[in-house]
Amino acid sequence: LERAKGGDREAFERALAPYLPMLYAYSRSICADHHIAEDVVQDTALIAYRKLRFLFPEVDFGTWLKGIARRQALSEKRKAGRLRPVVEEILEAVYDDPSPTAVAPEREALEACLKKLKGQPAKIVGAHYFDGEKLIDIARLMNLNCNTVRTVLHRARLALEECVRGRLTLGGD
Amino acid sequence: MHALSCDDARLRFSDLLAGLIEPADADALDAHLAGCPACRAAVRESARLDRALAEMAALAKIDQTKARLRAALATVAIEDLVPEPAAQRRWSFRLLRLAPLAAAILLIVGLVFLSVRPAPAIAQIAEVEGTVTVQSGRGQYLAAAGHSLRRGDRIQTADEDGRAVIVFPDQTRLEVGAGSTVNEITEAPDGDGGSGKRIFLTEGSISAVVTRQPPGRPMLLSTPHAQVVVQGTKVSLVHSSRATRIDLDEGAVKVTRQQDGKSVELAAGDYALVGPDVPAIAPRPMPPRIATPRASLPEPAGRVLALGFAPAGQTLAWGCSDGSVKFWPLPPEGHTSPSCLPGHMPTELRALAFSRTGSLLATGSDDYLVKLWDPATFQERRTLKVLRSWIEALAFSPDDATLVIAGAHGQESAKVRLYDMASEKVRATLNAHPGGTWAVAFSPDGKLLATVGRDGIARLWDPQTGQLLQSLTGHSGELLAVAFSPDGKLLATTSRDRTVKLWDVATGEEQATLIGHSHDVRAVAFSPDGTLLASGSMDGTIKLWDLADGQERATLRGQPGGGVWCVAFSPDGKTLASAGFSRAIRLWDVPAARP
């Protein structure tokens, strides 16, 4: 970071890289849109690079980055409607630890749980999370009713939650 | 409000995360969550799963994200060069207030404009990749396809990914490579000294496909070392502070040394070196260019910055940009996918070293950690956190008693640790290179340790005492890689100055400078029999040099679309492995030193 503060772009890129997944997930949870979240991450990176001299040594880099992303994401979110206070509080609690490894156990468990997901739920989870498709577009692509896609995604998420919980608490499924 | 069940609340939260919720439903959800702690806990669990899923999705395309950000960040410094619109508005406002003065100035400017015709466009930018800037009399701007170039314009391409193609009205085509500066593009009018197009390259590389020029008006391609007179041909120039190299694919050119006016004619298939390090200017036959490797192993995780053969040659290991280590049994034929060890955090794995016996593999990454693996069982043996720096280089001593750990960023980047494998403690710390160490190597007898780094100096140490024995200076840029020859008599170093240097280890004297790459030389390796040296560069090629005469034996077009970051010879010397920014590991048959 010291090198990055001195204008070393490569050093900045390397310091930033581990936090990119968290920044994307956080922005996406606020904005509820893959493309806007990607833009927020890019804006966050540019602002952070320009303002790096204001990052004081006692401040955690991840928390500082998350603060920038929060301002950018909320500003984007306001265009579509405000974020409700209790939901905001819940999201903040989930991202309270901005470190790259905060949800590493869940990610690891998900690797296995996603493999167990088959058929339509697997396709919808893949299209929504990994390809960044909106549910309405997934419905069109799969020739389904949007309400069906919404329900299938929700159920798939519940199944994944249960599977992850099982793997984390019992050490397996 | 308890009208919602927790299941309903979770469904609505799911809608909210998908951007499908109506404002009234969002209010109802929030009100319900405010009064229902159990639902809050359930929704929190859903949000945590959402985080994990979204992070996985981001990790799956982390390389694209990084590349996009790299391009965006590259514009920051350039934007700063452009006057801010606000400042322009302020000036406009002042001009309005000073209308009479402005009118007078406008009148004078108008008269000057009428009396001086703007310089005509002499070429056009046809293609741009990465960041390319043009400095002209009108200021500096980011180049884009379609921009016109006028007499005296200066073009600069970004170090990593900049590239521009310039086309003249007669279809002469000039490609400016990454990290280049073309200081001047001019076209002398008819009758002005008889010359036509002139290009002055002060750094980097250009490739030109020159249409036949009018009689008496040849094109001049110049560098501080050489001038090349071109009529109609296919030629490329690589310039560094040490020398200019001219490669001629078609036609004939005359190359003149700027220093003393001595010249030589090159025919198709020749190359020549001109510079202070090259005593005689003479045409030499261009070594063969090999485009197809024997095998190409896909690496979907992205770029590969470290690789190595196990000492018995049965396995190739490499580190990925997702922090994992991969093993591929050799020969590769018959195997479909490598074994993968998810080891480090999702940060780039930049250092990898097998112990001499092959019983251990050490890997180091940006997470400050060094991990030791058993390559036979793929089990992690130990994790070392002994250097607060992103780990750049690792090397086992020949007796496997010491592991050297070096880094190039972070609080302790100037330090190199010597870790004792038996006592599991740091035995000594070297203050090696201010700013960081990029590479380390033990001599085959284990009596010397070489380190190279940001300060542009190669250092030789006594690994037993930690005493500095020699500092080798001569490169004009950061040093990036280092290797000892198998007999321990030669040391090879590579640099951002685009060259490889060979040093006599006993005397510390420079033996040779190998010139030919058009970008940073990132990797170096001696063949096990000591007859060949392989150098890998960010120009995307690997060059094989014959150590008997310092001549280039072959150019392997290693990693199209990306630089070469690492090369390694197999223990039997028959295979060379290369990797870098393209998503593949390539295995090459090693040609004989003397064809």
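Quantities reported herein were computed from a predicted structural model and do not represent experimental measurements. Chain naming here is simple, since letters A, B, ... match the order of the sequence lines and numbering starts at 1 in each.
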At under 4.5 Å between heavy atoms, what parts of residues 148-156 of chain A are in contact with chain B? List them by residue number. A:Arg150, A:His154
Working for salt bridge (Lys or Arg N to Asp or Glu O under 4.0 Å), residues B:Arg70 and A:Glu13: CA-CA 7 Å; B:Arg70 190 171 299 135; A:Glu13 285 172 19; 2.8 Å; yes
Answer with side chain, backbone, both or neither: which region of A:Pro85 has an atom nearer than 4.5 Å to a non-hydrogen atom of chain B? both
Shortest non-hydrogen contact from A:Ala17 toward B:Lys66: CB-CE, 3.8 Å
Once salt bridge (Lys or Arg N to Asp or Glu O under 4.0 Å) is applied, do any residues pair with B:Arg522, and if so which ones, sequence neighbours excluded? none
My understanding is that only residues two or more places apart in sequence, or in another chain, count here; which of them pass disulfide bond (SG atoms under 2.5 Å apart) with B:Cys566? none
Over all heavy atoms of both residues, which pair between A:Ala102 and B:Arg51 is shortest? Give the atoms and the distance, please. CB-NH2, 3.5 Å
If one checks every heavy atom of A:Ser99 against chain B at 4.5 Å, the contacting part turns out to be backbone
A:Arg84 side chain to B:Pro23 main-chain N or O, any donor-acceptor pair under 3.5 Å? yes
Is it the side chain or the backbone of A:Glu108 that comes within 4.5 Å of chain B heavy atoms, both, or neither? neither
Listed by residue number, which members of residues 132-139 of chain A have a heavy atom under 4.5 Å from any heavy atom of chain B? A:Leu135
Might you work through the salt bridge (Lys or Arg N to Asp or Glu O under 4.0 Å) test for A:Glu10 and B:Arg454, ending with a clear yes or no? CA-CA 14 Å; A:Glu10 192 192 331; B:Arg454 286 183 182 272; 5.8 Å; no
